[in-house]
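Both counts, for ligands and for their atoms, begin at 1 and track the order of listing. Along the sequence shown, residues carry numbers from 1.
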Amino acid sequence: MRVILASSEVFPYSKTGGLADVAGALPKALARIGCDISVVAPRYIGLGRRHGDISDDHTGELLFDDLSIPFAGGVRYAAVWRDWMDGAPIYFIDNAEYFGHGYIYGSGNFDVERFAFFSRASLELAKRIGGPPDIIHCNDWQTGFIPAYLATAYAGDSFFERTATLFTIHNLGYQGFFDPNLLSHLGFAWDVYQYGMEFHGMASAMKSGIYFSTALSTVSPKYAQEIQTPEFGNKLDGLLRWRRIDLIGILNGVDYHEWSPETDRNIAVNYSINDLGGKLECKRDLLQRYRLPADLEKPVVAIISRLTTQKGIDLVAQSIWRMLEAGALFIVLGSGAESYENYFQHVRDTLPQQVGVYFGYNNTLAHQIEAGADMFLMPSAYEPCGLNQMYSLKYGTVPIVRGVGGLDDTIHNFERATEKGNGYKFYDYSPDRLIEKFYEALMVYYDRDLWRKLQRNGMHADHSWDRVAHDYFDAYQRVAAAKK
Ligand code: ADP
(Lines give C-alpha, C1' and ligand atoms only; values in the text may rest on other atoms or scores of the structure.)
Protein backbone atom coordinates (compact mmCIF):
# COMPACT_ATOMS: atom_id res chain seq x y z
CA MET A 1 0.00 0.00 0.00
CA ARG A 2 1.69 3.14 -1.26
CA VAL A 3 0.23 6.38 0.08
CA ILE A 4 1.03 10.05 -0.32
CA LEU A 5 -0.49 12.35 2.27
CA ALA A 6 -0.71 16.01 1.27
CA SER A 7 -1.23 18.68 3.92
CA SER A 8 -0.82 22.44 4.12
CA GLU A 9 0.50 22.16 7.69
CA VAL A 10 2.47 19.47 9.50
CA PHE A 11 3.60 19.57 13.13
CA PRO A 12 6.38 20.32 14.09
CA TYR A 13 7.20 22.14 10.87
CA SER A 14 4.12 24.32 10.58
CA LYS A 15 0.95 24.58 12.58
CA THR A 16 -2.15 26.68 12.99
CA GLY A 17 -4.47 23.98 14.36
CA GLY A 18 -5.45 20.35 14.68
CA LEU A 19 -4.71 19.50 11.03
CA ALA A 20 -1.00 19.93 11.75
CA ASP A 21 -1.21 17.51 14.66
CA VAL A 22 -2.90 14.90 12.48
CA ALA A 23 -0.48 15.30 9.59
CA GLY A 24 2.44 15.15 12.01
CA ALA A 25 1.39 12.02 13.88
CA LEU A 26 -0.67 9.80 11.55
CA PRO A 27 2.15 9.17 9.02
CA LYS A 28 4.52 8.03 11.75
CA ALA A 29 1.92 5.61 13.08
CA LEU A 30 1.14 4.34 9.57
CA ALA A 31 4.83 3.76 8.88
CA ARG A 32 5.03 1.74 12.11
CA ILE A 33 2.40 -0.68 10.81
CA GLY A 34 4.15 -1.12 7.50
CA CYS A 35 2.34 1.36 5.29
CA ASP A 36 4.59 2.94 2.66
CA ILE A 37 3.66 6.54 3.37
CA SER A 38 5.17 9.81 2.21
CA VAL A 39 4.06 13.26 3.26
CA VAL A 40 4.11 16.36 1.11
CA ALA A 41 3.83 19.91 2.45
CA PRO A 42 4.75 23.43 1.36
CA ARG A 43 8.10 24.78 2.49
CA TYR A 44 7.14 28.05 4.13
CA ILE A 45 10.00 30.48 4.31
CA GLY A 46 10.44 33.29 6.78
CA LEU A 47 8.09 32.17 9.53
CA GLY A 48 10.86 31.99 12.10
CA ARG A 49 10.42 29.57 14.97
CA ARG A 50 7.28 31.22 16.31
CA HIS A 51 4.50 28.75 17.15
CA GLY A 52 6.76 25.79 16.45
CA ASP A 53 6.58 26.88 12.83
CA ILE A 54 8.95 25.84 10.15
CA SER A 55 12.08 27.79 9.46
CA ASP A 56 14.15 27.69 6.31
CA ASP A 57 16.85 25.65 8.06
CA HIS A 58 14.58 22.86 9.27
CA THR A 59 13.51 20.96 6.20
CA GLY A 60 16.19 18.32 5.86
CA GLU A 61 18.19 17.90 2.70
CA LEU A 62 17.73 19.50 -0.69
CA LEU A 63 16.76 16.63 -2.99
CA PHE A 64 16.44 18.43 -6.31
CA ASP A 65 15.73 21.93 -7.50
CA ASP A 66 14.09 21.28 -10.85
CA LEU A 67 10.59 19.97 -10.23
CA SER A 68 8.67 21.36 -13.18
CA ILE A 69 4.97 22.01 -12.74
CA PRO A 70 2.59 22.90 -15.54
CA PHE A 71 0.69 25.77 -13.98
CA ALA A 72 -0.84 29.17 -14.66
CA GLY A 73 -0.44 28.93 -18.41
CA GLY A 74 3.22 27.96 -18.33
CA VAL A 75 5.71 25.94 -16.40
CA ARG A 76 6.73 26.78 -12.83
CA TYR A 77 9.58 25.26 -10.91
CA ALA A 78 10.03 24.18 -7.33
CA ALA A 79 12.88 22.80 -5.30
CA VAL A 80 12.15 19.76 -3.16
CA TRP A 81 13.53 19.10 0.31
CA ARG A 82 13.22 15.94 2.32
CA ASP A 83 13.20 15.29 6.02
CA TRP A 84 12.20 12.23 8.07
CA MET A 85 9.34 11.90 10.51
CA ASP A 86 10.61 8.69 12.10
CA GLY A 87 9.90 6.13 9.38
CA ALA A 88 7.98 8.45 7.04
CA PRO A 89 9.66 10.83 4.62
CA ILE A 90 8.27 14.34 4.30
CA TYR A 91 8.85 16.26 1.09
CA PHE A 92 8.69 20.04 1.04
CA ILE A 93 7.68 21.98 -2.06
CA ASP A 94 9.85 25.07 -2.17
CA ASN A 95 8.68 27.97 -4.30
CA ALA A 96 9.36 31.46 -2.98
CA GLU A 97 6.68 33.13 -5.09
CA TYR A 98 3.97 31.13 -3.34
CA PHE A 99 5.44 30.18 0.02
CA GLY A 100 8.12 32.75 0.75
CA HIS A 101 6.00 35.39 2.42
CA GLY A 102 6.41 34.54 6.08
CA TYR A 103 2.89 33.19 6.61
CA ILE A 104 1.04 29.91 6.25
CA TYR A 105 -2.36 31.23 5.22
CA GLY A 106 -3.18 34.54 3.62
CA SER A 107 -6.54 35.17 2.01
CA GLY A 108 -8.51 35.52 -1.18
CA ASN A 109 -7.71 34.40 -4.70
CA PHE A 110 -3.96 34.43 -4.20
CA ASP A 111 -4.27 31.91 -1.38
CA VAL A 112 -6.29 29.62 -3.59
CA GLU A 113 -3.69 29.98 -6.34
CA ARG A 114 -0.91 29.14 -3.84
CA PHE A 115 -2.57 25.89 -2.80
CA ALA A 116 -3.67 24.98 -6.33
CA PHE A 117 0.01 25.23 -7.18
CA PHE A 118 0.84 23.07 -4.18
CA SER A 119 -1.77 20.50 -5.28
CA ARG A 120 -0.39 20.28 -8.78
CA ALA A 121 3.18 20.21 -7.51
CA SER A 122 2.29 17.29 -5.22
CA LEU A 123 1.18 15.28 -8.25
CA GLU A 124 4.35 16.09 -10.18
CA LEU A 125 6.36 15.19 -7.09
CA ALA A 126 4.61 11.80 -6.92
CA LYS A 127 6.05 10.97 -10.31
CA ARG A 128 9.57 11.76 -9.17
CA ILE A 129 9.74 9.90 -5.88
CA GLY A 130 8.69 6.34 -6.74
CA GLY A 131 6.01 4.19 -8.27
CA PRO A 132 2.35 5.13 -8.63
CA PRO A 133 0.61 5.72 -5.31
CA ASP A 134 -2.45 3.60 -4.48
CA ILE A 135 -3.87 6.47 -2.46
CA ILE A 136 -3.36 10.20 -2.32
CA HIS A 137 -4.72 11.31 1.02
CA CYS A 138 -5.87 14.93 0.72
CA ASN A 139 -6.73 17.18 3.66
CA ASP A 140 -9.06 20.17 3.67
CA TRP A 141 -9.61 22.73 0.93
CA GLN A 142 -5.91 23.44 0.41
CA THR A 143 -5.58 20.02 -1.24
CA GLY A 144 -9.09 19.92 -2.70
CA PHE A 145 -7.78 20.45 -6.22
CA ILE A 146 -5.73 17.25 -6.21
CA PRO A 147 -8.73 15.00 -7.00
CA ALA A 148 -9.91 17.57 -9.57
CA TYR A 149 -6.55 17.66 -11.37
CA LEU A 150 -6.46 13.85 -11.38
CA ALA A 151 -9.93 13.78 -12.94
CA THR A 152 -9.05 16.38 -15.60
CA ALA A 153 -5.45 17.27 -16.48
CA TYR A 154 -4.17 13.80 -15.51
CA ALA A 155 -7.19 11.80 -16.72
CA GLY A 156 -5.24 9.99 -19.42
CA ASP A 157 -2.01 9.72 -17.48
CA SER A 158 -1.16 6.03 -17.05
CA PHE A 159 0.96 6.77 -13.97
CA PHE A 160 -2.14 7.67 -11.97
CA GLU A 161 -4.42 5.10 -13.60
CA ARG A 162 -4.89 3.15 -10.36
CA THR A 163 -4.54 6.02 -7.92
CA ALA A 164 -7.53 6.69 -5.67
CA THR A 165 -8.04 9.71 -3.45
CA LEU A 166 -9.27 9.99 0.10
CA PHE A 167 -10.32 13.52 0.98
CA THR A 168 -10.45 14.26 4.71
CA ILE A 169 -12.53 17.16 5.99
CA HIS A 170 -10.96 18.61 9.13
CA ASN A 171 -13.16 21.68 9.27
CA LEU A 172 -16.00 22.43 6.87
CA GLY A 173 -16.04 26.03 8.07
CA TYR A 174 -13.09 26.93 5.83
CA GLN A 175 -13.87 26.34 2.18
CA GLY A 176 -11.29 28.10 0.04
CA PHE A 177 -13.70 30.33 -1.87
CA PHE A 178 -12.45 32.03 -5.01
CA ASP A 179 -13.54 33.97 -8.01
CA PRO A 180 -14.56 31.59 -10.83
CA ASN A 181 -12.65 33.80 -13.26
CA LEU A 182 -9.50 32.31 -11.75
CA LEU A 183 -10.36 28.83 -13.07
CA SER A 184 -8.61 28.95 -16.41
CA HIS A 185 -5.52 30.35 -14.69
CA LEU A 186 -5.55 27.30 -12.44
CA GLY A 187 -5.98 25.02 -15.43
CA PHE A 188 -9.64 24.07 -15.15
CA ALA A 189 -12.29 24.20 -17.86
CA TRP A 190 -15.59 25.96 -17.23
CA ASP A 191 -17.67 22.79 -17.08
CA VAL A 192 -15.52 21.52 -14.19
CA TYR A 193 -16.61 24.58 -12.29
CA GLN A 194 -20.24 24.07 -13.13
CA TYR A 195 -20.52 20.55 -11.81
CA GLY A 196 -17.71 20.28 -9.27
CA MET A 197 -16.77 23.65 -7.80
CA GLU A 198 -19.64 26.11 -8.08
CA PHE A 199 -20.89 27.50 -4.78
CA HIS A 200 -23.59 30.16 -4.96
CA GLY A 201 -21.81 32.14 -7.65
CA MET A 202 -18.38 31.62 -6.09
CA ALA A 203 -16.06 28.66 -6.53
CA SER A 204 -15.02 26.45 -3.63
CA ALA A 205 -11.88 24.34 -3.32
CA MET A 206 -13.55 22.38 -0.50
CA LYS A 207 -16.40 21.46 -2.81
CA SER A 208 -13.85 20.36 -5.41
CA GLY A 209 -12.36 17.89 -2.92
CA ILE A 210 -15.76 16.56 -1.91
CA TYR A 211 -16.98 16.22 -5.46
CA PHE A 212 -13.95 14.69 -7.17
CA SER A 213 -12.40 12.43 -4.53
CA THR A 214 -12.87 8.67 -4.62
CA ALA A 215 -13.91 8.64 -0.97
CA LEU A 216 -14.37 11.02 1.92
CA SER A 217 -13.64 11.00 5.57
CA THR A 218 -13.89 13.35 8.46
CA VAL A 219 -12.29 13.42 11.86
CA SER A 220 -15.05 11.94 14.01
CA PRO A 221 -18.06 9.67 13.39
CA LYS A 222 -20.47 12.27 14.82
CA TYR A 223 -19.17 15.06 12.58
CA ALA A 224 -19.59 12.73 9.58
CA GLN A 225 -23.30 12.62 10.43
CA GLU A 226 -23.61 16.29 11.35
CA ILE A 227 -22.16 17.68 8.12
CA GLN A 228 -24.98 16.01 6.23
CA THR A 229 -27.45 18.35 7.97
CA PRO A 230 -28.24 21.99 7.19
CA GLU A 231 -27.19 23.04 10.71
CA PHE A 232 -23.59 21.87 10.31
CA GLY A 233 -23.28 21.41 6.54
CA ASN A 234 -22.16 24.93 5.56
CA LYS A 235 -24.46 24.65 2.54
CA LEU A 236 -22.59 21.57 1.35
CA ASP A 237 -24.89 19.18 3.22
CA GLY A 238 -26.78 18.30 0.05
CA LEU A 239 -23.61 17.26 -1.75
CA LEU A 240 -22.43 15.38 1.34
CA ARG A 241 -25.72 13.52 1.59
CA TRP A 242 -25.33 12.60 -2.06
CA ARG A 243 -21.87 11.16 -1.25
CA ARG A 244 -22.82 9.64 2.07
CA ILE A 245 -21.99 6.02 1.22
CA ASP A 246 -18.43 7.13 0.50
CA LEU A 247 -18.14 9.15 3.72
CA ILE A 248 -16.71 7.76 6.97
CA GLY A 249 -15.69 9.28 10.29
CA ILE A 250 -12.40 8.34 11.93
CA LEU A 251 -11.69 9.92 15.27
CA ASN A 252 -8.30 11.62 15.49
CA GLY A 253 -5.68 10.18 17.75
CA VAL A 254 -3.50 11.78 20.36
CA ASP A 255 0.26 11.87 20.18
CA TYR A 256 0.97 10.50 23.66
CA HIS A 257 4.70 11.07 23.12
CA GLU A 258 3.84 14.75 23.27
CA TRP A 259 0.82 14.62 25.57
CA SER A 260 1.30 12.33 28.54
CA PRO A 261 1.69 13.45 32.16
CA GLU A 262 4.08 10.58 32.86
CA THR A 263 6.74 11.83 30.44
CA ASP A 264 5.82 15.45 29.63
CA ARG A 265 8.95 17.59 30.04
CA ASN A 266 7.00 20.84 30.02
CA ILE A 267 5.27 20.28 33.32
CA ALA A 268 6.51 20.86 36.88
CA VAL A 269 6.15 17.28 38.13
CA ASN A 270 5.27 14.12 36.24
CA TYR A 271 2.41 11.98 37.48
CA SER A 272 0.39 8.97 36.43
CA ILE A 273 -2.95 7.28 36.82
CA ASN A 274 -1.58 5.35 39.79
CA ASP A 275 -0.13 8.37 41.53
CA LEU A 276 -1.84 11.66 40.92
CA GLY A 277 0.16 13.47 43.59
CA GLY A 278 2.22 15.39 41.07
CA LYS A 279 -0.90 16.99 39.62
CA LEU A 280 -1.26 19.15 42.71
CA GLU A 281 2.29 20.41 42.23
CA CYS A 282 1.44 21.20 38.61
CA LYS A 283 -1.58 23.16 39.87
CA ARG A 284 0.61 25.14 42.26
CA ASP A 285 3.07 25.83 39.44
CA LEU A 286 0.29 26.91 37.08
CA LEU A 287 -1.22 29.33 39.57
CA GLN A 288 2.18 30.82 40.17
CA ARG A 289 2.79 31.29 36.45
CA TYR A 290 -0.52 33.13 36.17
CA ARG A 291 0.29 35.11 39.33
CA LEU A 292 -2.74 33.78 41.14
CA PRO A 293 -2.81 32.92 44.84
CA ALA A 294 -2.03 29.29 45.68
CA ASP A 295 -5.62 28.44 46.66
CA LEU A 296 -5.10 24.80 45.95
CA GLU A 297 -8.45 23.67 47.27
CA LYS A 298 -10.35 25.83 44.77
CA PRO A 299 -11.12 24.34 41.35
CA VAL A 300 -9.11 25.70 38.44
CA VAL A 301 -11.21 25.96 35.30
CA ALA A 302 -9.34 26.48 32.02
CA ILE A 303 -9.74 27.11 28.33
CA ILE A 304 -7.08 26.74 25.66
CA SER A 305 -8.58 27.80 22.41
CA ARG A 306 -8.70 29.84 19.30
CA LEU A 307 -10.97 32.66 20.45
CA THR A 308 -13.62 32.29 17.75
CA THR A 309 -17.35 31.75 17.74
CA GLN A 310 -16.76 28.13 16.63
CA LYS A 311 -15.27 27.39 20.03
CA GLY A 312 -18.33 28.60 21.97
CA ILE A 313 -16.47 31.48 23.57
CA ASP A 314 -19.78 33.33 23.83
CA LEU A 315 -21.03 30.70 26.24
CA VAL A 316 -17.88 30.97 28.32
CA ALA A 317 -18.20 34.76 28.40
CA GLN A 318 -21.81 34.50 29.51
CA SER A 319 -21.18 32.00 32.27
CA ILE A 320 -17.76 32.96 33.59
CA TRP A 321 -19.10 35.29 36.32
CA ARG A 322 -21.22 32.55 37.80
CA MET A 323 -18.26 30.17 37.89
CA LEU A 324 -16.19 32.84 39.61
CA GLU A 325 -19.00 33.47 42.08
CA ALA A 326 -18.93 29.78 42.92
CA GLY A 327 -15.27 30.20 43.87
CA ALA A 328 -13.52 28.89 40.78
CA LEU A 329 -10.18 30.18 39.57
CA PHE A 330 -10.24 30.75 35.84
CA ILE A 331 -7.40 30.45 33.35
CA VAL A 332 -7.43 31.50 29.71
CA LEU A 333 -4.91 30.69 27.00
CA GLY A 334 -6.10 31.84 23.64
CA SER A 335 -5.74 34.05 20.67
CA GLY A 336 -8.20 35.34 18.16
CA ALA A 337 -10.90 37.96 18.05
CA GLU A 338 -9.86 41.15 19.83
CA SER A 339 -13.32 41.58 21.30
CA TYR A 340 -12.97 38.30 23.20
CA GLU A 341 -9.47 39.18 24.36
CA ASN A 342 -10.74 42.52 25.63
CA TYR A 343 -13.59 40.81 27.42
CA PHE A 344 -11.39 38.33 29.25
CA GLN A 345 -8.94 41.11 30.07
CA HIS A 346 -11.84 43.02 31.62
CA VAL A 347 -12.81 39.99 33.72
CA ARG A 348 -9.20 39.61 34.79
CA ASP A 349 -8.93 43.29 35.72
CA THR A 350 -12.12 43.02 37.76
CA LEU A 351 -11.10 39.87 39.65
CA PRO A 352 -7.30 39.69 39.48
CA GLN A 353 -7.15 37.22 42.37
CA GLN A 354 -9.28 34.70 40.51
CA VAL A 355 -8.57 35.08 36.80
CA GLY A 356 -5.42 34.68 34.74
CA VAL A 357 -5.14 35.42 31.03
CA TYR A 358 -2.51 34.84 28.38
CA PHE A 359 -3.25 35.97 24.85
CA GLY A 360 -1.16 34.41 22.13
CA TYR A 361 0.05 30.98 21.21
CA ASN A 362 2.15 29.10 23.75
CA ASN A 363 2.56 25.35 23.43
CA THR A 364 4.51 24.91 26.67
CA LEU A 365 1.86 26.77 28.61
CA ALA A 366 -0.82 24.61 26.97
CA HIS A 367 0.87 21.55 28.48
CA GLN A 368 1.16 23.23 31.89
CA ILE A 369 -2.53 24.10 31.84
CA GLU A 370 -3.60 20.57 30.92
CA ALA A 371 -1.54 19.31 33.87
CA GLY A 372 -2.46 21.99 36.41
CA ALA A 373 -6.17 22.60 35.77
CA ASP A 374 -9.06 20.67 37.34
CA MET A 375 -11.72 21.30 34.70
CA PHE A 376 -11.46 22.13 31.01
CA LEU A 377 -14.19 23.88 29.03
CA MET A 378 -15.02 23.15 25.38
CA PRO A 379 -18.57 24.36 24.74
CA SER A 380 -18.04 24.49 20.96
CA ALA A 381 -20.70 25.56 18.50
CA TYR A 382 -19.29 22.81 16.30
CA GLU A 383 -16.21 20.64 16.70
CA PRO A 384 -15.02 18.30 13.93
CA CYS A 385 -12.94 16.31 16.42
CA GLY A 386 -11.27 18.46 19.05
CA LEU A 387 -7.99 17.45 20.59
CA ASN A 388 -7.89 19.33 23.84
CA GLN A 389 -10.65 17.29 25.45
CA MET A 390 -8.62 14.15 24.73
CA TYR A 391 -5.47 15.74 26.16
CA SER A 392 -7.51 16.72 29.21
CA LEU A 393 -8.65 13.14 29.75
CA LYS A 394 -5.06 11.94 29.78
CA TYR A 395 -4.01 14.59 32.28
CA GLY A 396 -6.86 13.88 34.70
CA THR A 397 -8.44 17.23 33.90
CA VAL A 398 -12.20 16.87 33.66
CA PRO A 399 -13.70 18.10 30.37
CA ILE A 400 -17.00 19.98 30.31
CA VAL A 401 -18.13 20.03 26.70
CA ARG A 402 -21.01 20.59 24.36
CA GLY A 403 -22.06 17.31 22.72
CA VAL A 404 -21.12 18.10 19.13
CA GLY A 405 -18.80 16.31 16.72
CA GLY A 406 -15.82 14.61 18.29
CA LEU A 407 -16.75 16.01 21.69
CA ASP A 408 -19.89 13.91 21.65
CA ASP A 409 -17.92 10.82 20.56
CA THR A 410 -15.28 11.12 23.27
CA ILE A 411 -16.95 12.57 26.38
CA HIS A 412 -19.59 10.73 28.39
CA ASN A 413 -21.46 12.15 31.36
CA PHE A 414 -20.23 10.99 34.72
CA GLU A 415 -23.01 9.42 36.75
CA ARG A 416 -22.65 9.32 40.51
CA ALA A 417 -24.72 6.16 40.83
CA THR A 418 -22.67 4.03 38.47
CA GLU A 419 -19.40 5.98 38.72
CA LYS A 420 -19.16 5.64 34.95
CA GLY A 421 -18.34 8.48 32.57
CA ASN A 422 -15.31 10.67 31.97
CA GLY A 423 -16.62 14.24 31.99
CA TYR A 424 -19.69 16.39 31.50
CA LYS A 425 -21.59 17.31 28.40
CA PHE A 426 -24.67 19.26 27.46
CA TYR A 427 -26.41 19.71 24.14
CA ASP A 428 -28.31 23.02 23.90
CA TYR A 429 -26.15 25.96 22.96
CA SER A 430 -26.94 27.80 26.19
CA PRO A 431 -24.85 29.28 29.04
CA ASP A 432 -27.39 27.93 31.54
CA ARG A 433 -26.78 24.37 30.39
CA LEU A 434 -23.04 24.92 30.65
CA ILE A 435 -23.40 26.26 34.16
CA GLU A 436 -25.57 23.32 35.19
CA LYS A 437 -22.82 20.95 34.13
CA PHE A 438 -20.23 23.07 35.90
CA TYR A 439 -22.23 22.86 39.16
CA GLU A 440 -22.58 19.11 38.69
CA ALA A 441 -18.82 18.84 38.28
CA LEU A 442 -18.25 21.09 41.28
CA MET A 443 -20.29 18.82 43.57
CA VAL A 444 -18.13 15.88 42.60
CA TYR A 445 -14.95 17.98 42.82
CA TYR A 446 -15.52 18.47 46.56
CA ASP A 447 -15.97 14.71 47.03
CA ARG A 448 -12.31 13.79 46.67
CA ASP A 449 -12.72 10.03 46.22
CA LEU A 450 -15.41 10.41 43.61
CA TRP A 451 -13.37 13.03 41.77
CA ARG A 452 -10.39 10.66 41.68
CA LYS A 453 -12.65 8.02 40.18
CA LEU A 454 -13.81 10.46 37.51
CA GLN A 455 -10.25 11.52 36.74
CA ARG A 456 -9.11 7.92 36.43
CA ASN A 457 -11.99 7.05 34.13
CA GLY A 458 -10.66 9.70 31.77
CA MET A 459 -7.02 8.75 32.15
CA HIS A 460 -7.79 5.16 31.11
CA ALA A 461 -8.86 6.24 27.63
CA ASP A 462 -6.60 5.15 24.80
CA HIS A 463 -6.81 7.44 21.80
CA SER A 464 -3.36 6.56 20.53
CA TRP A 465 -2.50 7.03 16.88
CA ASP A 466 -1.47 3.39 16.60
CA ARG A 467 -5.11 2.39 16.88
CA VAL A 468 -6.26 5.13 14.54
CA ALA A 469 -3.61 4.22 11.96
CA HIS A 470 -5.23 0.80 11.56
CA ASP A 471 -8.56 2.48 10.79
CA TYR A 472 -6.94 4.64 8.10
CA PHE A 473 -5.04 1.68 6.70
CA ASP A 474 -8.30 -0.28 6.37
CA ALA A 475 -9.93 2.73 4.75
CA TYR A 476 -7.05 3.07 2.27
CA GLN A 477 -7.42 -0.57 1.32
CA ARG A 478 -11.16 -0.27 0.78
CA VAL A 479 -10.83 2.93 -1.23
CA ALA A 480 -8.01 1.52 -3.38
CA ALA A 481 -10.05 -1.63 -4.02
CA ALA A 482 -13.08 0.45 -4.99
CA LYS A 483 -10.99 2.28 -7.59
CA LYS A 484 -9.59 -0.94 -9.11
P1 ADP B 1 -8.66 23.54 16.23
O2 ADP B 1 -7.82 22.75 15.30
O3 ADP B 1 -10.07 23.76 15.75
O4 ADP B 1 -8.04 24.83 16.68
P5 ADP B 1 -8.27 21.34 18.12
O6 ADP B 1 -8.75 21.12 19.52
O7 ADP B 1 -8.51 20.24 17.15
O8 ADP B 1 -8.87 22.72 17.60
O9 ADP B 1 -6.72 21.59 18.17
C10 ADP B 1 -6.19 22.72 18.74
C11 ADP B 1 -4.70 22.52 18.96
O12 ADP B 1 -4.07 23.81 19.07
C13 ADP B 1 -4.37 21.80 20.22
O14 ADP B 1 -3.16 21.11 20.05
C15 ADP B 1 -4.24 22.96 21.23
O16 ADP B 1 -3.47 22.62 22.34
C17 ADP B 1 -3.60 24.00 20.39
N18 ADP B 1 -3.88 25.40 20.78
C19 ADP B 1 -4.98 26.14 20.52
N20 ADP B 1 -4.83 27.40 20.96
C21 ADP B 1 -3.61 27.47 21.52
C22 ADP B 1 -2.84 28.50 22.15
N23 ADP B 1 -3.31 29.73 22.29
N24 ADP B 1 -1.61 28.20 22.59
C25 ADP B 1 -1.13 26.96 22.46
N26 ADP B 1 -1.78 25.93 21.87
C27 ADP B 1 -3.01 26.19 21.40
*Hey, does Tyr13 have a side-chain heavy atom less than 4.5 Å from the side chain of Asp83?*
yes
*With no hydrogens and no angle check, do the side chains of His463 and Thr410 hold a donor and an acceptor under 3.5 Å apart?*
no
*Cationic N near anionic O, under 4.0 Å, Lys222 to Asp409*: no
*Does Arg114 make a cation-pi contact with Tyr98 (under 6.0 Å, within 45 degrees of the axis)?*
no
*asked:* Both conditions, 6.0 Å and 45 degrees, for the charged tip of Lys207 above the ring of Tyr211: are they met here?
replied: no
*Only pairs at least two apart or in different chains count here, so list each ring pair (Phe, Tyr, Trp, His ring centres under 6.0 Å) that has a residue in residues 247-293.*
Trp259-His367, Trp259-Tyr391
Atom pairs and distances, ligand 1 N/O vs protein N/O under 3.5 Å:
residue: ligand 1; atom: 2 (O); partner: Gly18; partner atom: N; Å: 2.7
residue: ligand 1; atom: 3 (O); partner: Arg306; partner atom: NH2; Å: 2.8
residue: ligand 1; atom: 3 (O); partner: Lys311; partner atom: NZ; Å: 2.8
residue: ligand 1; atom: 4 (O); partner: Arg306; partner atom: NE; Å: 2.8
residue: ligand 1; atom: 6 (O); partner: Leu387; partner atom: N; Å: 3.0
residue: ligand 1; atom: 8 (O); partner: Lys311; partner atom: NZ; Å: 3.0
residue: ligand 1; atom: 14 (O); partner: Lys15; partner atom: NZ; Å: 3.2
residue: ligand 1; atom: 14 (O); partner: Asp21; partner atom: OD2; Å: 3.1
residue: ligand 1; atom: 16 (O); partner: Asn388; partner atom: OD1; Å: 3.2
residue: ligand 1; atom: 23 (N); partner: Gly360; partner atom: O; Å: 2.9
residue: ligand 1; atom: 24 (N); partner: Asn362; partner atom: N; Å: 3.0

